[in-house]
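For this chain, numbers begin at 1 and follow the sequence in order.
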Amino acid sequence: QVQVTESGGGLVQAGSSLKLSCVASGRFFIINRMAWYRQAPGQRREIIAEATRGRSIGYADSVKGRFTASRDNKKNSMDLQMNNLKPEDTAVYYCAVDSTKSPLVSGTTSWGQGTQVIVSS
């Protein structure tokens with residue numbers, strides 16, 4: 001019942017910027033964690049940004065200094081601002097949401113369908 005929707009992908013040239021958005025909706029009590037992942041062709045899915053309900057956000061080494069994520073707990077959303085994009089950033093970007101239905105139920109993970117980012121040289 002938890003729906004996750006990503007948007008903002010597209011085709012850009014190296015050195016440009018792009019902003020991705022993730023919104024969680026549906027039936028849940030609270031969101032414990034939101035994260036951005038990406039998967040390039042022929043490679044495993046990797047986590048690139050993670051946000052708990054705290055203020056700090058963790059980043060993968062490959063995107064530190066270039067990508068900035070922001071989570072809005074009230075809007076149940078998480079944006080990913082990507083700057084100085086490189087061809088190696090080309091991938092399908094996915095949003096993951098860990099949520100609970102009630103205080104007495106264990107959390108579950110929901111995934112979006114992904115949004116594609118292509119960076120040309």
Side-chain angles (χ1 to χ4, degrees):
Q1 288 296 105
V2 179
Q3 296 176 316
V4 180
T5 304
E6 307 104 331
S7 62
L11 173 62
V12 298
Q13 290 188 334
S16 61
S17 299
L18 204 60
K19 184 178 181 179
L20 306 182
S21 296
C22 172
V23 179
S25 61
R27 185 177 180 180
F28 54 82
F29 172 68
I30 193 172
I31 294 177
N32 297 315
R33 185 188 74 107
M34 298 186 73
W36 278 100
Y37 293 73
R38 70 183 181 185
Q39 185 170 21
Q43 301 183 22
R44 293 183 294 177
R45 187 172 299 184
E46 63 173 341
I47 188 168
I48 57 174
E50 182 181 54
T52 64
R53 292 191 63 82
R55 302 295 295 181
S56 63
I57 298 178
Y59 299 92
D61 290 337
S62 59
V63 304
K64 285 183 179 178
R66 297 189 298 118
F67 291 9
T68 302
S70 59
R71 178 181 174 182
D72 190 326
N73 293 327
K74 294 183 178 180
K75 295 182 179 180
N76 298 318
S77 65
M78 183 176 181
D79 295 337
L80 183 67
Q81 178 65 51
M82 305 184 295
N83 298 321
N84 191 25
L85 284 164
K86 305 177 183 297
E88 51 263 41
D89 295 320
T90 296
V92 177
Y93 285 71
Y94 298 91
C95 181
V97 178
D98 293 344
S99 63
T100 59
K101 294 189 295 184
S102 75
L104 302 179
V105 178
S106 299
T108 58
T109 301
S110 301
W111 292 86
Q113 78 287 349
T115 183
Q116 185 159 208
V117 173
I118 300 176
V119 183
S120 62
S121 60

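For the pair Phe29 and Ser99, the minimum side-chain heavy-atom distance is 4.5 Å or more. Annotation: side chain of Asp89 is in contact with side chain of Arg66 (closest heavy-atom distance under 4.5 Å).
Ile47 approaches Ala60 most closely through the heavy-atom pair O-CB, 3.5 Å. Contact between Ala14 and Ser121 at its shortest, heavy atoms only, is CB-CA, 4.3 Å. Asn73 and Asn76 get closest at one heavy-atom pair: O-OD1, 3.2 Å. Between Lys74 and Asp72, the shortest heavy-atom distance links the atoms N-OD1, 3.1 Å. When every heavy atom of Arg38 is checked against every heavy atom of Ser62, the shortest pair comes out as NH2-OG, 3.4 Å. Contact between Arg33 and Asp98 at its shortest, heavy atoms only, is NE-OD2, 2.6 Å.
For Gln116, there are no side-chain hydrogen bond (donor to acceptor under 3.5 Å, both in side chains) partners at least two apart in sequence or on another chain. Tyr37 meets the ring-ring contact (aromatic ring centres under 6.0 Å, His included) test with Trp111; sequence neighbours excluded. Not counting sequence neighbours, the partners of Lys64 by the side-chain hydrogen bond (donor to acceptor under 3.5 Å, both in side chains) test are Asp61.
To the nearest 0.5 Å, atoms SG (Cys22) and NZ (Lys75) are separated by 14.0 Å.
Hydrophobic cluster membership for Ile118: Leu11 (Ile, Leu, Val, Met, Phe, Trp, Tyr linked by side-chain heavy atoms under 4.5 Å, directly or transitively). Through direct or relayed side-chain contacts under 4.5 Å between Ile, Leu, Val, Met, Phe, Trp and Tyr, Met34 connects to Val2, Val4, Val12, Leu18, Leu20, Phe28, Ile31, Trp36, Ile48, Ile57, Tyr59, Val63, Phe67, Met78, Leu80, Met82, Leu85, Tyr93, Val97, Val117, Val119.
In this structure, Arg45 satisfies the cation-pi test against Tyr94, with its NZ or CZ atom closer than 6.0 Å to the six-membered ring centre and inside 45 degrees of the ring normal.
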May I have the step-by-step check of side chain to side chain contact (heavy atoms under 4.5 Å, CB included) for Val23 and Ser77, ending in yes or no?
CA-CA 4 Å; Val23 179; Ser77 65; 4.1 Å; yes
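Legend: side chain to side chain donor-acceptor pair (under 3.5 Å) pairs involving residues 9-27, not counting sequence neighbours, sorted by first then second residue: Ser17-Asn83, Ser21-Asp79.
Formation of a donor-acceptor pair under 3.5 Å by the Gln39 side chain with backbone atoms of Ala91 is not found in this model.
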